[in-house]
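Inspection log for the structure reproduced underneath, given as structure tokens.
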Amino acid sequence: MSVSDTVVLASLGDTRALAVRLAPSLRRGDVIALHGDLGTGKTTFAQYLVEALGGGTNVTSPTFTLLQTYPVTLSDGPCELYHYDLYRIEHARELAELGLDEAYNGLTLIEWPERLQDASAVTLALSFRLTKDGSRTVTMTRMK
């Protein structure tokens, strides 16, 4: 069963507010899929979420490294946040080298989750879209 909600993000402040609002509900083992075209706000949201979870403000896109990790604090205690960007993944065998199974013990953000062979671990999907007026919408779907 899934439950969806769509929110308009008219500014960076709205994106930050969404991250701050979601942060307290996240738990160890959650896997968040960040869907959307280039430039729709996936990495910006990830930066604000890491910040909201106490992981600092020096958050960079893992586009070239494929993975960045940050120590964060969830309501159920400290853990690692694993931020993946699968944009450059071309073959399933490349995923095996990324250690996704280990990441599922912390909090996991995955940009470009379409590259995953098995998305059954996803607990929350966020789909970002750019609108004609320059704002963004995000549809949040709770999977589990």
Side-chain angles (χ1 to χ4, degrees), residues 1-130 135-144:
M1 183 177 123
S2 63
V3 178
S4 294
D5 185 27
T6 300
V7 177
V8 174
L9 305 174
S11 67
L12 290 175
D14 290 345
T15 303
R16 175 176 270 137
L18 176 62
V20 168
R21 188 181 82 186
L22 283 178
S25 69
L26 300 175
R27 304 286 180 265
R28 184 182 318 272
D30 280 348
V31 178
I32 303 169
L34 303 175
H35 298 273
D37 291 334
L38 291 171
T40 56
K42 300 179 302 294
T43 300
T44 299
F45 171 81
Q47 291 168 337
Y48 290 144
L49 185 62
V50 170
E51 182 180 324
L53 293 170
T57 57
N58 189 21
V59 177
T60 59
S61 173
T63 300
F64 295 103
T65 59
L66 304 179
L67 169 65
Q68 297 284 359
T69 62
Y70 304 94
V72 297
T73 303
L74 303 176
S75 63
D76 58 349
C79 72
E80 283 293 307
L81 182 145
Y82 298 84
H83 181 193
Y84 290 92
D85 186 325
L86 305 182
Y87 182 74
R88 297 185 320 118
I89 296 295
E90 294 180 12
H91 303 287
R93 67 180 176 273
E94 295 174 84
L95 292 172
E97 300 171 11
L98 291 178
L100 280 167
D101 291 338
E102 181 181 317
Y104 296 153
N105 294 322
L107 176 63
T108 306
L109 300 178
I110 303 174
E111 294 187 48
W112 302 96
E114 300 81 9
R115 307 285 201 277
L116 292 173
Q117 294 292 342
D118 177 13
S120 64
V122 172
T123 55
L124 178 64
L126 302 179
S127 297
F128 292 83
R129 289 188 176 75
L130 190 60
S135 65
R136 286 153 173 80
T137 62
V138 61
T139 301
M140 301 174 289
T141 305
R142 177 68 64 181
M143 309 304 281
K144 299 177 182 181

Output, in order, the C-alpha distance, side-chain angles, deciding distance and verdict of side-chain contact (heavy atoms from CB on, under 4.5 Å) for Thr44 and Leu12. CA-CA 8 Å; Thr44 299; Leu12 290 175; 3.8 Å; yes
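- A side chain to side chain contact (heavy atoms under 4.5 Å, CB included) with Ile32 is found for one member of Leu81, Leu22, Leu126 and no other, namely Leu126.
- For the atom pair NE2 of His83 and CG of Leu67, the computed distance is 9.5 Å after rounding to the nearest 0.5 Å.
- Scanning for side-chain contact (heavy atoms from CB on, under 4.5 Å) contacts around Val31 gives Tyr104, Thr108, Ile110, Ala121, Val122, with sequence neighbours left out.
- Proximity of a side-chain donor or acceptor of Arg129 to a complementary backbone N or O of Gly36 within less than 3.5 Å is not detected.
- For residues 6-45, the set of pairs meeting the ring pair (Phe, Tyr, Trp, His ring centres under 6.0 Å) definition, not counting sequence neighbours, comprises Phe45-Phe128.
- Judged as a side-chain hydrogen bond (donor to acceptor under 3.5 Å, both in side chains), and not counting sequence neighbours, the contacts of Thr6 are Thr139.
- Of the options Leu49, Leu9, Val7, a side chain to side chain contact (heavy atoms under 4.5 Å, CB included) to Thr15 is made by Leu9 and by none of the others.
- How far CE of Met140 is from CE of Met143: 14.0 Å, rounded to the nearest 0.5 Å.
- A ring pair (Phe, Tyr, Trp, His ring centres under 6.0 Å) check over residues 13-32, counting only residues at least two apart or in different chains, returns nothing.
- The salt bridge (charged side-chain N to carboxylate O under 4.0 Å, His left out) contacts involving residues 8-19 comprise Arg16-Glu51, where partners must be two or more places apart or lie in separate chains.
- At a threshold of 4.5 Å between non-hydrogen side-chain atoms, the residues Cys79 and Leu74 count as touching.
- Atoms OH and CG, from Tyr84 and Leu109 in turn, are 11.0 Å apart once rounded to the nearest 0.5 Å.
- Contacts classified as ring pair (Phe, Tyr, Trp, His ring centres under 6.0 Å) and involving residues 9-33 (residues at least two apart or in different chains) are not found.
- Rounded to the nearest 0.5 Å, atoms CG (Leu107) and OH (Tyr70) are 12.5 Å apart.
- In this structure, the side-chain hydrogen bond (donor to acceptor under 3.5 Å, both in side chains) partners of Ser135, at least two apart in sequence or on a different chain, are Thr131, Asp133.
- Rounding to the nearest 0.5 angstrom, the gap separating the CG atom in Leu34 from the CG atom in Leu86 is 10.5 Å.
- Looking at Tyr87 and Leu38, their side chains come closer than 4.5 Å, going by heavy atoms from C-beta outward.
- For the pair Arg142 and Ser25, the tightest heavy-atom approach, listed with the atom from each and the gap, is NH2-OG, 4.0 Å.
- Ser75 is linked by a side-chain hydrogen bond (donor to acceptor under 3.5 Å, both in side chains) to Arg27, counting only residues two or more places apart in sequence or in another chain.
- Arg88 contributes atom CZ, which lies 5.0 Å from atom CG of Leu66 (distance to the nearest 0.5 angstrom).
- Within the structure, no pair that satisfies the salt bridge (charged side-chain N to carboxylate O under 4.0 Å, His left out) test touches residues 65-78, not counting sequence neighbours.
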